[in-house]
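All remarks here apply to the structure that follows.
Computed from a predicted model, the values in this text were never measured in an experiment.
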Amino acid sequence: MSGPFANTGEAVFRNLLWAVERVNARGGIKLPGGARPLQLDRYDSKGQNEEALSALRAAMDDGARIVLQGNSSATAAALVDAIDKNNERDPSRRVIFLNYAAVDPVLTNERCSFWHFRFDAHADMRVAALMDVVKDDAALKRVYLIGQDYSFGQAVLREARRQLGAQRPDVEIVGDELHPMGKVKDFAPYATKIIASGAQAVVTGNWGNDLTLLVKAAREAGFNGTFYTFYGNALGAPAAIGDAGIGRVIAVADWLPNVQTTQSEAFYRAFRARFPKPAEDYVHMRLALMIEALVQAVERAGSVDAVPVARALEQADVSLYGQRGRMRAVDHQFQQQLVVGVMDRQGRPGVQFDVEGSGYGFRVVKTIAPERAELPTSCKMKRP
């Protein structure tokens with residue numbers, strides 16, 4: 001909620017607030033003793049693991065038993081460890097962790113936890129979706145990989161190297177670089193290196209200001225290639241790129257506003273009615289599905305106790321505005337469709353809605369069904 005990625009935290013909070021308001025407007029969660037509302041409290045991690053752990057302790061002391069976090073896989077890993085220890089040590093104060101955006105694959109593989117549930121596609125799943133587009137680009141011969149220097153950024157580059165080697169061995173990786181997370185104010189030197197490498201495309205998992213500043217610097221330096229991104233569809237990136245991004249910025253997501261269904265349009269319009277300012281236009285279907293899955297689990301468990309709720313969450317299967325997702329019990333990785341969009345000017349075919357009043361939106365060019373997006377897991381979960 002503060003620091004270099006505060007805009008991301010605030011944007012997520014609006015989505016969660018809207019989802020909670022919707023549940024409470026229909027009476028709350030139905031339990032044997034009567035319906036109960038959801039209460040959403042916010043704590044500031046300041047983008048630091050120690051601050052996040054301090055916030056976790058404060059939230060638990062305040063009575064929270066469901067913790068939501070997602071921005072930073074390093075923070076998510078620290079929270080998983082702390083929650084595992086707490087839940088073993090103090091069964092009366094067990095906590096369930098709902099993860100909406102921390103996508104390092106290890107969190108549902110070798111570091112999986114019974115108490116942790118991920119509602120975003122992990123990095124390997126997102127890279128695979130992007131590669132579905134890359135493999136069809138016959139003209140692409142040179143790629144530059146760049147990412148944030150922490151667990152998630154490293155995972156993206158590692159998987160991008162692997163999948164490029166498997167699917168497009170003819171493509172040369174002309175740059176492979178990690179930079180400090182949230183500390184670079186001027187990406188011009190990185191943009192210069194990208195151009196000097198002769199790269200035709202950049203693959204990056206950057207998010208927040210690290211993405212916006214990178215693409216802005218590349219545009220100002222004259223880079224005319226393609227950006228294959230995880231998060232290029234929001235938080236200032238389209239406006240920063242401008243016309244240079246048309247047909248050249250590609251983003252993967254669980255959902256995009258220009259998914260061509262009437263239900264999807266209704267979902268997007270409902271969010272914008274609640275948050276009408278252009279700067280507040282950051283909406284994610286999975287965050288709404290996550291809250292609906294929690295409601296479903298608590299109602300099925302007939303209790304707010306952590307173990308029965310967690311067991312019910314393992315079987316979560318929820319639909320909202322035509323979008324469906326289910327939780328995979330073996331590793332607690334949510335399974336849902338993914339879409340890949342390409343940036344274009346609002347008003348062109350398939351681009352009814354723009355992003356943040358920028359005049360640019362994302363046209364869906366690829367839809368990956370849940371069964372195709374699904375990947376194997378190495379999770380060996382310990383259960384209470």
Side-chain angles (χ1 to χ4, degrees), residues 1-20 38-87 90 93-108 111-113 115-120 122-123 147-156 178-185 205-213 230-231 234-236 280 282 284 286-287 290-291 294 306 332:
M1 300 299 174
S2 62
F5 299 113
N7 60 339
T8 308
E10 291 291 349
V12 166
F13 180 76
R14 287 192 293 273
N15 280 260
L16 295 174
L17 177 63
W18 184 53
V20 166
L38 284 172
Q39 178 176 317
L40 180 63
D41 296 330
R42 49 189 276 165
Y43 297 81
D44 186 8
S45 72
K46 303 173 186 174
Q48 304 295 323
N49 290 353
E50 285 305 315
E51 293 283 355
L53 292 172
S54 176
L56 172 65
R57 290 188 291 271
M60 290 171 56
D61 289 343
D62 290 344
R65 294 296 173 264
I66 306 292
V67 172
L68 295 80
Q69 184 269 345
N71 302 119
S72 172
S73 291
T75 298
L79 290 175
V80 168
D81 287 344
I83 289 169
D84 280 350
K85 290 171 184 173
N86 170 80
N87 290 2
D90 190 355
R93 296 208 311 167
R94 282 172 168 157
V95 172
I96 294 172
F97 176 15
L98 307 186
N99 167 7
Y100 50 77
V103 296
D104 186 340
V106 302
L107 295 171
T108 48
R111 296 186 68 176
C112 65
S113 165
W115 309 106
H116 166 263
F117 295 83
R118 173 157 51 202
F119 286 83
D120 197 355
H122 64 59
Q148 296 152 313
D149 192 8
Y150 77 115
S151 58
F152 160 67
Q154 295 158 12
V156 172
L178 294 165
H179 63 80
M181 177 182 168
K183 291 183 168 59
V184 179
K185 304 302 181 187
N206 278 22
W207 54 276
N209 281 335
D210 279 347
L211 176 64
T212 306
L213 294 174
F230 279 34
Y231 307 109
L235 292 175
E280 296 174 340
Y282 180 91
H284 289 286
R286 71 175 182 275
L287 293 169
M290 178 176 71
I291 296 300
L294 173 63
H332 296 183

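- Qualifying side chain to side chain donor-acceptor pair (under 3.5 Å) partners for D149, counting only residues two or more places apart in sequence or in other chains: Q154.
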Name every donor-acceptor pair, under 3.5 Å, that has one atom in a side chain of residues 97-107 and the other anywhere in the protein, sequence neighbours excluded.
{"unit_1": "N99", "atom_1": "OD1", "unit_2": "A101", "atom_2": "N", "d": "3.0"}
{"unit_1": "N99", "atom_1": "OD1", "unit_2": "A102", "atom_2": "N", "d": "2.8"}
{"unit_1": "N99", "atom_1": "ND2", "unit_2": "A102", "atom_2": "O", "d": "2.9"}
{"unit_1": "N99", "atom_1": "ND2", "unit_2": "H116", "atom_2": "NE2", "d": "3.1"}
{"unit_1": "Y100", "atom_1": "OH", "unit_2": "G70", "atom_2": "N", "d": "3.4"}
{"unit_1": "D104", "atom_1": "OD1", "unit_2": "V106", "atom_2": "N", "d": "3.2"}
{"unit_1": "D104", "atom_1": "OD2", "unit_2": "S151", "atom_2": "OG", "d": "3.3"}

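- D41 pairs by the side chain to side chain contact (heavy atoms under 4.5 Å, CB included) definition with Q39, Y43, not counting sequence neighbours.
- In this structure, F119 and R286 approach most closely via the heavy-atom pair O-CD, 3.6 Å.
- The side chain to side chain contact (heavy atoms under 4.5 Å, CB included) test applied to D81 returns R111, not counting sequence neighbours.
- Nearest approach of D84 to S113, heavy atoms of both residues: OD1-OG, 2.6 Å.
- Judged as a side-chain hydrogen bond (donor to acceptor under 3.5 Å, both in side chains), the pairs with a partner in residues 8-17 (not counting sequence neighbours) are, in order, E10-R42.
- Contacts classified as salt bridge (charged side-chain N to carboxylate O under 4.0 Å, His left out) and involving residues 44-54 (residues at least two apart or in different chains) are given here: K46-E51.
- Listed by chain and number, the residues in a salt bridge (Lys or Arg N to Asp or Glu O under 4.0 Å) with R118 amount to none (sequence neighbours excluded).
- At a threshold of 4.5 Å between non-hydrogen side-chain atoms, the residues H179 and D210 count as touching.
- Taken from CG in L287 to CG in L16, the straight-line distance is 5.5 Å, to the nearest 0.5 Å.
- Atom CZ in F5 sits 9.0 Å away from atom CG in N71 (nearest 0.5 Å).
- Taking the ring-ring contact (aromatic ring centres under 6.0 Å, His included) definition, one finds that H284 meets it with Y282, sequence neighbours left out.
- H332 and F117 have parallel rings, their planes meeting at less than 30° on a 0 to 90° scale where 60° marks the start of perpendicular.
- Contacts of V95 classified as side chain to side chain contact (heavy atoms under 4.5 Å, CB included), with partners at least two apart in sequence or in another chain: M60, V67, I83, N86, N87.
- L213 approaches K185 most closely through the heavy-atom pair CD1-O, 4.0 Å.
- Here CG of N206 is found 8.0 Å from CZ of F152. Values are rounded to the nearest 0.5 Å.
- Not counting sequence neighbours, the partners of W207 by the side chain to side chain donor-acceptor pair (under 3.5 Å) test are Q148, Y150.
- Smallest separation of non-hydrogen atoms from I291 and A19: CG1-CB, 3.6 Å.
- With sequence neighbours excluded, the residues forming a side chain to side chain contact (heavy atoms under 4.5 Å, CB included) with T75 are N49, A52, Q69, S72, L79, listed by chain and number.
- For the pair N209 and P4, the tightest heavy-atom approach, listed with the atom from each and the gap, is ND2-O, 2.9 Å.
- Of all the heavy atoms in A123 and V156, the pair that sits closest is CB-CG2, 4.1 Å.
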